[in-house]
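Report on one structure; see the data block that follows.
Each chain gets a letter, A, B and so on, in the order the sequences are listed, and its residues count up from 1.
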There are 2 protein chains.
Amino acid sequence: MTTVELGRRERKKLATRAALSEAAVALSLEHGVEHVTIEQIADAADVSLRTFFNYFSSKEEAVVAGDSARGDVLVELVRARPADESVMTALRTAMLEHVEDLAGDDQLDALRMMRRTPSLLPHQLAAYADRERALAVVIAERLGDDVPDDGSVGLRAALAAAVVMAGVRVVLLRWTDGGTRDRDVLRADLAEMFDQLAAGLDDR
Amino acid sequence: MTTVELGRRERKKLATRAALSEAAVALSLEHGVEHVTIEQIADAADVSLRTFFNYFSSKEEAVVAGDSARGDVLVELVRARPADESVMTALRTAMLEHVEDLAGDDQLDALRMMRRTPSLLPHQLAAYADRERALAVVIAERLGDDVPDDGSVGLRAALAAAVVMAGVRVVLLRWTDGGTRDRDVLRADLAEMFDQLAAGLDDR
DNA sequence: CGCAAACTTGCACGCCGTGCACACATGCGT
DNA sequence: ACGCATGTGTGCACGGCGTGCAAGTTTGCG
């Protein structure tokens with residue numbers, strides 16, 4: 001992790017950012033995203049409205065930030081898999097590990113709130129796209145491709161990243177929308193998703 | 001097509017919508033999306049600013065509308081494939097047909113402009129998500145699933161739709177970002193994309 | 001022709017997002 | 001310990017955004 005040594009300044013920044021994001025989620029859970037103003041969020045985090053915009057460029061970004069951070073963890077889990085694992089094996093294993101990181105019911109409630117708020121959808125998808133780019137780089141490295149500084153990768157890596165993120169998104173959406181909170185169900189759906197991808201999605 | 005018989009009212013509405021969308025694209029191409037105000041778009045389409053919001057809820061939506069409509073065509077092409085084709089065959093064939101619909105250089109310039117405008121990304125992705133839902137329904141019907149009125153579909157259909165849309169997005173992005181305008185290159189990349197999906201994206 | 005429904009428009013209002021200037025805190029070299 | 005360069009927080013101002021509302025206009029239909 002990069003969280004080893006930070007000066008007071010850095011720590012304060014992270015704390016403020018976290019406070020803003022948490023306030024955004026809490027207020028949105030209570031009143032609905034649409035009915036929360038940025039000013040309320042800033043007040044709850046005890047900073048000025050102007051300062052809010054030093055950290056996030058919109059209310060939606062603040063609400064989604066937590067979810068986004070969880071996605072970064074997934075990318076790191078993939079990177080941490082042994083180099084001799086195939087791409088799809090590494091992705092599958094990392095994803096199943098990642099299910100453990102989904103914490104308690106409050107986080108799940110927040111997830112549900114986000115997934116069913118239409119105005120949040122564009123920003124959630126944009127967050128997915130960000131992680132997809134990061135994941136593509138990790139996959140390209142695993143494939144032995146050399147990745148230029150601009151982050152452009154080959155078709156194969158970009159495709160694998162996009163497809164798996166799409167699969168994860170679909171499975172996660174169905175799980176949060178469904179009534180159950182049983183993680184075994186989620187694990188089973190993820191496994192089936194990877195199985196179908198491996199089988200080429202063929203129906204004949 | 002559904003464009004057979006429309007009253008004057010409906011035709012005017014479609015014309016206004018098209019005029020707004022085209023004005024949005026033209027002005028964005030000329031000045032950049034960020035520097036175009038909704039008022040300018042409304043003026044160019046010769047309607048009031050207030051009327052703009054009767055058609056689109058944001059500038060971005062208007063700019064992306066054309067691209068979005070093209071996506072609907074793709075979904076219809078898939079639906080039109082013979083019922084005895086497998087899902088992946090129908091998707092592959094429809095997509096290759098769809099390449100023909102990409103018209104001249106001006107449309108391509110518009111596409112390029114959209115793809116490289118960051119503030120448009122969320123709305124483009126949301127548009128993709130809309131078509132993904134429609135595509136999932138078409139796929140579910142082809143699989144013989146019965147689709148309830150709320151549009152919910154099985155994992156298999158949802159997954160196939162999401163994965164193929166993700167693949168198309170990746171290939172299209174790489175093509176527009178690359179220098180070439182050669183459609184044979186695009187066709188080849190699409191074919192390779194489907195091949196890799198069929199092969200389960202496996203690298204061992 | 002006349003009415004009901006749909007569409008357009010102007011107005012008003014509050015929120016959003018940013019540039020700017022200035023105050024203040026921090027870290028760093030001396 | 002001190003002072004300076006740099007970075008961060010805040011208030012202010014301003015223009016654009018998005019919507020509810022009510023009044024005016026057009027369209028479709030009996």
Do S119(B) and E60(B) pair up side chain to side chain, a donor and an acceptor below 3.5 Å, judged on atom types alone?
no
Kindly say whether, by distance alone, the side chain of R50(B) makes a donor-acceptor pair under 3.5 Å with the base of dG20(D)?
yes
For residues 19-26 of chain B, run the donor-acceptor check on the side chains, cut-off 3.5 Å, and write out each pair with its distance to 0.1 Å, sequence neighbours left out.
residue, atom, partner, partner atom, Å
S21(B), OG, A62(B), O, 3.2

Quick tally for nucleotides 24-30 of chain D: nucleotides whose base has a protein heavy atom under 4.0 Å get B, sugar-phosphate-only ones S, the rest -, giving --BBS--
Atom pair distance, as rounded to whole Å: CZ in F56(B) and P in dC17(D):
15 Å
Interatomic distance, L49(B) CG vs dT19(D) P [rounded to whole Å]
12 Å
Looking at T37(A), is its backbone amide N or carbonyl O close enough to the side chain of Q40(A) to form a donor-acceptor pair, meaning the two atoms are under 3.5 Å apart?
yes
Can you give the first and last nucleotides of DNA chain C, 5' to 3', that have an atom under 4.0 Å from a heavy atom of chain A?
dC16(C) to dG27(C)
Rounded to whole angstroms, how far apart are CD on E60(A) and C1' on dG18(D)?
13 Å
Distance, rounded to the nearest Å, where K59(B) contributes NZ and dG15(D) contributes P:
16 Å
Which residues pass the side chain to side chain contact (heavy atoms under 4.5 Å, CB included) test with D150(B), not counting sequence neighbours?
P148(B), S152(B)
Looking at R181(A) and D109(A), does any basic side-chain N land under 4.0 Å from a carboxylate oxygen?
yes
So what does Y55(A) hit on the nucleic acid, given a heavy-atom distance under 4.0 Å: a base, only sugar-phosphate, or nothing?
sugar-phosphate
Side chain to side chain contact (heavy atoms under 4.5 Å, CB included) partners of A126(B), counting only residues at least two apart:
P122(A)
Report the C-alpha separation of E85(A) and T89(A) in whole Å, then their side-chain angles, then the decisive distance to 0.1 Å, and conclude whether the side chain to side chain donor-acceptor pair (under 3.5 Å) test is met.
CA-CA 6 Å; E85(A) 273 184 359; T89(A) 303; over 6 Å; no
Check the distance between dT10(D)'s P and N54(A)'s CG and give it to me in whole angstrom.
9 Å
How would you list, by chain and number, every residue that makes a side chain to side chain contact (heavy atoms under 4.5 Å, CB included) with D149(B), sequence neighbours excluded?
none
Could you state the atom-to-atom distance from NE2 of H35(B) to P of dG16(D) in whole Å?
13 Å
Taking atom types as modelled, is there a side-chain donor on R115(B) or Q124(B) under 3.5 Å from an acceptor on the other?
yes
Using a heavy-atom cut-off of under 4.0 Å over every strand shown, decide if I38(B) touches base, sugar-phosphate, or nothing.
sugar-phosphate
